[in-house]
Peer 1: 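One structure, as structure tokens, below. Some questions next.
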Amino acid sequence: MIAEAFENREPQGSKQLILDRLRGRAVPSDGLPEVDPGRLIKFDDRIRQFQETLEFVGGESHLVDSPEQVREILEGIDAFSSADRIASTYPEAIEPTVDLAKVSDPHLLSSLGWTIARGEFAIAENGAIWIDGATLPHRVMIFIAQYLAIVVSRSQIVDHMHDAYARIGAPRPGFGVFVSGPSKTADIEQSLVLGAHGCRKLQVFLTP
Amino acid sequence: MSIALPIVDHPQAAKDFVNNVPRSHWHDDSLWFVRTKRDRQAQSLPEWEYLRETASAIKRHTIANLPDYLQEFEANAIRMGAVVHWAADAAEHNEIVLGLLRKNKTHRIIKSKSMLTEECGLNEFLIDNGIDVVDTDLGERIVQLRGETPSHIVLPAIHIKKEEVGETFHQHLGTRKGEADPQVLTEAARGHLRGKFLEGEVGITGVNFGIAETGGIVVCTNEGNADLGVSLPRIHIACMGIEKLVPRFENLAVFTRLLARSATGQPITSYTSHFHGPRDENSELHIVLVDNGRSRIRDSDTFRDALNCIRCGACMNTCPVYRRSGGHSYQATVPGPIGSVLGPTKDMKAHKSLPYACSLCGSCTDVCPVKIPLHHQLLAWRSELVGKRLLAWNKRVGMKAASWLFRHPRLFFTAGYTARVALKYLPKSLTHNRLNEWAIDRDLPDPPKQSFRAWYAQNRNVAKPEQPE
Ligand code: SF4
């Protein structure tokens, strides 16, 4: 009978049809549970926990005190010193070689070697960093660059995802992403390979 | 829509896989490895059980109030600038997607993993309509190039050996013959798919979570393929089952903590992307909400909780039957314990053998992050199938006889005696014949010397139970 009801629908009538089907069966329920913060994990040393977890998920982290130090460390990496197309939203340390404001079509970023981006805050329990899309002239820069570096303040590390979402607050139209380690796959016989479609490696700089 | 599906006989479909003993063991070990990674992550969080309980309660609340939350979601998604479509079934879903592609005169699609589009047969439908669809998840691309279907919802190519991937890539991507190094093969796929990403005109993704309160959607991947696929083209189509909702933004915390830990033993996926509306004023975000039988599952008090599923795959990784028989033996989009619950909701007759592809060990229920009582549901299916007379005759006759016997103590006594004697003297040719599938790989136990009844009569005065303190 259900199949018949579906077949007799009007064009574009499916919204009402689906809602009617659902409303036709009242299901009693308890209220929406609230999470009790007292029952959640707390880390004594969030910086260390973040660094260890990031390493576990294949990323590398550096404690730095100044933008110059970020530059020094990056320049010591071969893949960086030999890269010519660099996007950066952290010009204090790295001047971009690609002027993102002049790029009208994201496809033009296909040969990007590096992206240096800012993170808003990081999460100790899972090594993730929140990147607010509003800081990115093109969101594809996070995913298309061969290598990614994220700069985030080490005073901005929260314990877990509950604190993370509380921190983001009410989302505005747009985009945001938690990045935890470089892109990866284990689709061939469960062997972990870093660098699936997104960045091959991830460097995280923890500034004061 | 009611297509008569072929009747799946799980034992028959599993035969080849199981008979290849080294391969079956290799598959078993691969999945057990994933299961142990999951255990390590679960044990690292003292609040793990609390999270599971909370996740389950959030989902039950959402499913109960689904019509309200769907409307809230739609209103907010529109406010964010998305276009929302409603599809009652798979056919309508496919038509909506094709309509969008036609309207925009687009022919090249890049797609990230979505079990919903697998369920709807979207790829085949689009290809039949002259559209080029490229799966971009590495595992899905491998099975696509081989003309197969995924055998696992999180690890689509878990059944394929690296040498076989090498051969497929040699044929399609021109890698060196005999190349079997996962690093090299992944690199080849990266290069090949980069080209496809750049050519893609529309990006299609699934949805892990939709948020009623904000009208946003969340997509989780490790490879970054969903993000790359929707950050380049102008149009993003997100296909979402109506059960994927959570009421509030903050609820995502519970689910993002559970999902990857349960799925692959990672603390979170590499990318957890939140989309609220389209990329910019020149772009479009279409969200297709699909029922396709979900409202019917919601009607059932017994099976409703199956809609809690967040498609983590943990129940498959732990299932002794799945691990040894392989995902394809289920011949369903979703295999394993949850697939065996969902299959019969679509077509009870076609999938009637799936609730029996289960030892009722309960391991699936123990690992499920949203606490679906999977093995109870599988048992419930068995009684429904019996009620509908859909049980195979050899099981039906056996069960009837057993139930009759248990209701007649005297006969039970005699039968027990006969069996003890018979087990001792019957030749193997009689117990191990074609009619007794159970005995194919097993031996009958040595018969006990006496019945429990006789033992009790002898010992009741000797073996007094200990007095409670
Ligand atoms: S039923 Fe539970 S364990 Fe299985 S895939 Fe769904 S959420 Fe994961």
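Chain letters run A, B, ... following the sequence lines, proteins first and then strands; every chain starts at 1. From a predicted model like this one, the values you see are computed outputs, not experimental measurements.
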Peer 1: Among residues two or more places apart or on two chains, list those pairs meeting salt bridge (charged side-chain N to carboxylate O under 4.0 Å, His left out) that have a residue in residues 189-201 of chain B.
Peer 2: B:Arg108-B:Glu201

Peer 1: Got a second to check how far A:Glu125's CD is from B:Leu45's CG, nearest 0.5 Å?
Peer 2: 6.0 Å

Peer 1: Do any of residues 250-257 of chain B come closer than 4.5 Å to chain A, heavy atom to heavy atom, and if so which ones, in number order?
Peer 2: B:Glu250, B:Asn251, B:Leu252, B:Ala253, B:Val254, B:Thr256, B:Arg257

Peer 1: Test A:Arg139 against B:Asp227 for salt bridge (Lys or Arg N to Asp or Glu O under 4.0 Å), laying out the working first.
Peer 2: CA-CA 9 Å; A:Arg139 67 175 72 152; B:Asp227 301 282; over 6 Å; no

Peer 1: Does the plane of the ring in A:Phe175 sit parallel, tilted or perpendicular to the ring in B:Phe275? Use 30° and 60° as the thresholds.
Peer 2: tilted

Peer 1: Could you tell me which portion of B:Ala57 (side chain, backbone, both or neither) has an atom closer than 4.5 angstrom to a non-hydrogen atom of chain A?
Peer 2: both

Peer 1: Is it true that A:Ser14 and B:Glu92 share a donor-acceptor pair across their side chains at a distance under 3.5 Å?
Peer 2: yes

Peer 1: Would you check, one step at a time, whether the test salt bridge (Lys or Arg N to Asp or Glu O under 4.0 Å) holds for A:Glu34 with B:Arg248?
Peer 2: CA-CA 11 Å; A:Glu34 298 281 338; B:Arg248 297 219 270 266; 3.0 Å; yes

Peer 1: Check whether any side-chain heavy atom of B:His276 lies under 4.5 Å from a side-chain heavy atom of A:Arg172, and answer yes or no.
Peer 2: no

Peer 1: Starting from the C-alpha separation in whole Å, work towards a yes-or-no answer on salt bridge (Lys or Arg N to Asp or Glu O under 4.0 Å) for B:Lys162 and A:Asp187.
Peer 2: CA-CA 10 Å; B:Lys162 57 182 188 238; A:Asp187 274 345; over 6 Å; no

Peer 1: Evaluate the criterion salt bridge (Lys or Arg N to Asp or Glu O under 4.0 Å) for residue pair A:Arg23 and B:Asp68; output intermediate values, then yes/no.
Peer 2: CA-CA 9 Å; A:Arg23 293 231 156 83; B:Asp68 298 343; 2.8 Å; yes

Peer 1: Do B:Asn222 and A:Ser183 have side-chain N/O donor and acceptor atoms under 3.5 Å apart?
Peer 2: no

Peer 1: Strictly by modelled atom types, are A:Gln190 and B:Ser30 linked by a side-chain donor-acceptor pair under 3.5 Å?
Peer 2: no

Peer 1: What pair of heavy atoms forms the shortest contact from A:Ile41 to B:Glu47, and how long is it?
Peer 2: N-OE2, 2.9 Å

Peer 1: What do the steps show when you test A:Tyr165 against B:His274 for ring-ring contact (aromatic ring centres under 6.0 Å, His included), and what is the final call?
Peer 2: CA-CA 12 Å; A:Tyr165 280 105; B:His274 302 60; 5.7 Å; yes

Peer 1: Side chain, backbone, both or neither: which part of B:Ile160 has a non-hydrogen atom closer than 4.5 Å to chain A?
Peer 2: backbone

Peer 1: Please rank A:Leu202, A:Val35, A:Asp20, A:Ile131 by heavy-atom pairs under 4.5 Å with chain B and give me the top one.
Peer 2: A:Val35

